[in-house]
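Note sheet for the following structure.
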Amino acid sequence: MILGVRWIAYKGKEPDILLMTTKISKYSGSGGPSTPSGPTGRLRRRRGSNEVPPEAIKENGSDLLVNDINKYKSMLIRTYSSVWMIGGFAFIIYMGHLYIWAMVVVIQIFMAKELFNLLRRAHEDRHLPGFRLLNWHFFFTAMLFVYGRILNQRLANTVTSDKFLYQLVSRFIKYHMVTCYFMYIAGFMWFILTLKKKMYKYQFSQYAWTHMILIVVFTQSSFTVANIFEGIFWFLLPVSLIVINDIAAYFFGFFLGRTPLIKLSPKKTWEGFIGASVTTILSAFLLANILGRSQWLTCPRKDLSTGWLHCDPGPLFKPEYFALPEWFPWREIPILPVQWHALWLGLFASIIAPFGGFFASGFKRAFKIKDFGDSIPGHGGITDRMDCQMVMAVFAYIYHQSFVAPQSTTIEMLMDQILMNLTLEEQLDLYTKLGQMIQGRQFGESYLNN
Amino acid sequence: MQKDNDSGGPSTPSGLTGRLRRRKGSNEVPPEVVKANGNHLLVNDRNKYKSMLIRIYSSVWMIGGFAFIIYMGHLYIWAMVVVIQIFMARELFNLLRRAHEDRRLRGFRLLNWHFFFTAMLFVYGRILNQRLANTVTSDTFLHKLVSGFIKYHMVTCYFLYIAGFMWFILTLKKKMYKYQFGQYAWTHMILIVVFTQSSFTVANIFEGIFWFLLPASLIVINDIAAYFFGFFFGRTPLIKLSPKKTWEGFIGASFATILSAFVLANILGRFQWLTCPRKDLSTGWLHCDPGPLFKPGYSPVPQWFPQWFPWREIPILPVQWHAAGLGLFSSIIAPFGGFFASGFKRAFKIKDFGDSIPGHGGITDRMDCQMVMAVFAYIYHQSFIVAQSVSIEVIMDQILMNLTFEEQRALYMKLEQILQEKVFGES
């Protein structure tokens, strides 16, 4: 549980907070760093364990002395599951874009399931059979809409070889919005036709709740997937920054934590916050250098294939060499221009992204929920893992669109129009006309210059 | 009490007969008279005639104002939509607010309007940025400013939203969490509902006033026709949510709507002012080539038409068939917007969404069916109409207008690459 562990993370000295954590025995481990969790996260959770007697906690750093065998055992279990999570995550990164997309979809489904179940009331639900199905209908419609928009061009590029499939896919792309709209309208009409007397308020609240969940879940996942296909770098870097921010905040709070940060999360401290910010920005700078050297991570994926990628990474990933002062062991350092962008991502991750965590904490307090779910043993639910990630994914996408890849928008739009709406003969025709026009202008210019 | 009768009446602009329908729903009709079908009119007293007169008077003003704005043009229609939006949002924001909690949370209402402004900037920035750029092409300084704005539009809106998000979190007060989160969710739902339909409406307007006027009129015609058919033939109730609606009214209105869609499209399609798209934000007269949809194809009158029929051929604009599709949708699906609003009002025990329009209730009461229709009209237009009219000339125009020379060359290179892959892939 985020509350439980982050409290310990930033400030290890509050006995009353640790007492509160005793109430949430099952969830003592939850709320650690977001996916993937590092091994140090386990140490953090050990401290959040309920079995520490209150009197021992007052001495800073003495918690470790009073751990008994059970805590080591639970830490071992959590370490074991975290290692599997990190290993699985690394494996999926290695496998490629399509598998990462599949992972995002799976995470989404679990998040949605948790959140759908959250504010449901079993009593009313018995009177309304088929209402749960409506939620999943809207979920499926949203998935079709969002991923159809992001991936339709890439889908078209994948099936260019097969004429029949290409026609099918083009038709699907053309009527994509209408399809999704009619599916939504079908769900809307279904909702209205199943309104039951005396249950109106519950049904409308559930309807609004469904919409809010789908917006929250799909906004971040759609932006995440868009990032992935622009290059795994733009997915991996923000995610890692959030994890690094959490871990660093824990350590700084542990050693230096003194001034509370916000009433919502009493264990967070200003020292942890500031220390984590500096660490995150620095590691963003370094991590971008390391990640940017791999073509697998930096190349965009233009279709839905799964093979190796080779591309010209672009000017952002070409190292520039800066001369260093005399006393440095290396004569020059290679700096990738993307590292400066990474600094901004790090700044955002350290300052704004924790607000996603505050929002989730406040939400849980407001509705008196301990945890969003219990999918991950020892960690709580998936939403607990993803709260800060959501804010970060949206920012990473918007940053990428605005500052990293700005010029190509109109060109991309026109290319999409050309590829989707014209037949091959028309495209060739357009191509020749465009060539003529450009050559005419070039000719005209050179003629003028001469 | 009179105000309460008017909820769920026809949407903007309300027709004359809408008043008659409301008279039936008046609370002053004694219950025993209601049972006799069609007897309502006989027991009206003088007060109802008076209130009908007031409603006719305000309806005439609404229709007149609407027609005037259509005449003035796209920019003014947009302004009207924005004004309607602001009123709708205000009504809906006030709806589930509780005065007791609000006293302790200063500045919370301001947060709602902050999100409203952010949403407006985002939505209208996306729809109108290209047209804004086309308006200021003459002045280089303004053009640079506008291009900069367009480039950083998403970032600006995102940071405005994040600022509101952080403000919300920092003002969370102990013991008020649930109320505040409820209000936050409510704000988001309102903004989505209001801005989805208005953004699609504005997108329709700038594609040609025809695509805004036709759907709006179809909803009005559907309401009026449903009233009359229900009045004369109504017998079988339609849905538990709205007990006064009948199947006869529904089916009769469907026929009437589809027929009038067909006819209305012909009438409206002859005006260039209504059919031409607006490529910038100017306000002058429009001249354009309306496109193949609005060129009349003359089909001969079928044999069984009587001899005295003056025309031997009827001009059919191809757009009329599209209009029939729109008419079908508006008669069958759009009333569900009205059912949704009725159900919502019952769920939260509200009589009306507001009282902006005297004698009519709030703006949201007028706009409930319009919302569903506006979204459909836009999606229909994008999928079936724009896609057809995309041709080489249109794309060449876009390339020449929107790209600099370097960008044109970049496009040429990319196209070359893709086409070579395709051609070599096939051979």
Side-chain angles (χ1 to χ4, degrees), chain A residues 160-161 163 174-175 177-178 181 185 188-189 191-193 195 197 200-201 203-204 208-209 211-212 215 262-264 352 355 358-359 362-363 365-367 391 394-395 398-399 401-403 406-408 410-411 414-415 417-419 421-422 424 426-431 433-435 437-438 441, chain B residues 151-152 154-155 158 162 165-166 168-170 172 174 177-178 180-181 185-186 188-189 192 239-241 333 336 339-340 343-344 346-348 372 375-376 379-380 382-384 387 390-392 395-396 398-400 402-403 405 407-412 414-416 418-419 421-423 425-426:
Chain A
T160 36
S161 42
K163 246 202 146 88
K174 205 164 159 184
Y175 298 119
M177 267 197 103
V178 193
Y181 180 72
I185 286 290
F188 179 71
M189 288 168 66
F191 168 72
I192 289 177
L193 294 172
L195 281 174
K197 230 178 166 131
Y200 290 151
K201 189 163 186 177
Q203 287 179 289
F204 271 96
W209 179 233
H211 280 67
M212 287 302 291
I215 287 162
I262 190 174
K263 278 195 302 282
L264 265 180
I352 311 285
F355 277 84
F358 299 153
F359 186 85
F363 183 82
R365 282 200 196 206
F367 293 93
V391 181
V394 178
F395 176 72
I398 290 181
Y399 186 88
Q401 285 299 105
S402 306
F403 299 107
Q407 308 91 310
S408 43
T410 331
I411 299 184
L414 284 172
M415 284 300 293
Q417 274 196 345
I418 294 173
L419 290 171
N421 293 333
L422 299 181
L424 190 58
E426 289 176 328
Q427 288 170 11
L428 287 167
D429 195 4
L430 180 73
Y431 171 73
K433 282 193 177 161
L434 190 58
M437 185 201 66
I438 289 180
R441 278 183 77 166
Chain B
K151 204 165 157 185
Y152 300 116
M154 269 196 101
V155 193
Y158 180 71
I162 286 289
F165 179 70
M166 287 169 65
F168 169 72
I169 289 177
L170 294 172
L172 281 174
K174 228 179 168 133
Y177 290 152
K178 189 163 187 177
Q180 287 180 289
F181 271 96
W186 179 234
H188 279 68
M189 287 302 292
I192 288 163
I239 191 173
K240 280 195 303 279
L241 267 178
I333 312 284
F336 278 85
F339 299 155
F340 186 85
F344 183 84
R346 282 197 196 209
F348 294 94
V372 181
V375 178
F376 176 70
I379 290 181
Y380 186 88
Q382 286 299 105
S383 305
F384 296 108
V390 163
S391 63
I392 301 182
I395 296 190
M396 282 298 292
Q398 282 193 337
I399 295 176
L400 289 170
N402 297 340
L403 301 181
F405 188 58
E407 289 176 331
Q408 288 169 8
R409 260 202 280 205
L411 180 69
Y412 182 71
K414 279 193 177 178
L415 192 57
E416 186 175 25
I418 293 187
L419 284 179
E421 282 174 22
K422 277 194 180 174
V423 169
E426 281 178 18

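Labels below follow one simple rule: chain letters A, B, ... track the order of the sequence lines, proteins then strands, and each chain is numbered from 1.
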Using non-hydrogen atoms only, which part of [X] is less than 4.5 Å away from chain B: side chain, backbone, both, or neither?
X      : result
A/L434 : both
A/F204 : side chain
A/L428 : both

For B/L419, is it the side chain, the backbone, both, or neither that has a heavy atom closer than 4.5 Å to a heavy atom of chain A?
side chain
Residue B/Q180 versus chain A: region with a heavy atom under 4.5 Å:
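It is neither, since no heavy atom gets under 4.5 Å.
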Enter the distance from [X]:[atom1] to [Y]:[atom2] here, rounded to the nearest 0.5 Å.
X      : Y      : atom1 : atom2 : result
A/M177 : B/Q382 : CE    : CD    : 7.5 Å
A/F403 : B/K151 : CZ    : NZ    : 9.0 Å
A/I215 : B/I192 : CD1   : CD1   : 3.0 Å

Mutual orientation of the aromatic rings belonging to A/F363 and B/F181 [parallel < 30°, tilted 30-60°, perpendicular > 60°]
perpendicular
Is there a side-chain contact between [X] and [Y] in this structure, where contact means two heavy atoms from C-beta onward sitting under 4.5 Å apart?
X      : Y      : answer
B/F384 : A/Y175 : yes
A/F355 : B/L170 : yes
B/I162 : A/V391 : yes

Output the option from B/V375, B/I239, B/I418, B/L172 having the highest count of non-hydrogen pairs under 4.5 Å with chain A.
B/V375
Applying side chain to side chain donor-acceptor pair (under 3.5 Å), can you list everything that pairs with A/Y181, at least two apart in sequence or on another chain?
none
Residues in side chain to side chain donor-acceptor pair (under 3.5 Å) contact with A/Y399, at least two apart in sequence or another chain:
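Scan of A/Y399 (side chain to side chain donor-acceptor pair (under 3.5 Å), adjacent residues dropped) gives A/H341.
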Of all heavy-atom pairs linking A/V178 and B/S383, the shortest is CG2-OG, 2.7 Å
Below 6.0 angstrom between ring centroids: does that apply to A/F188 and B/F339?
no
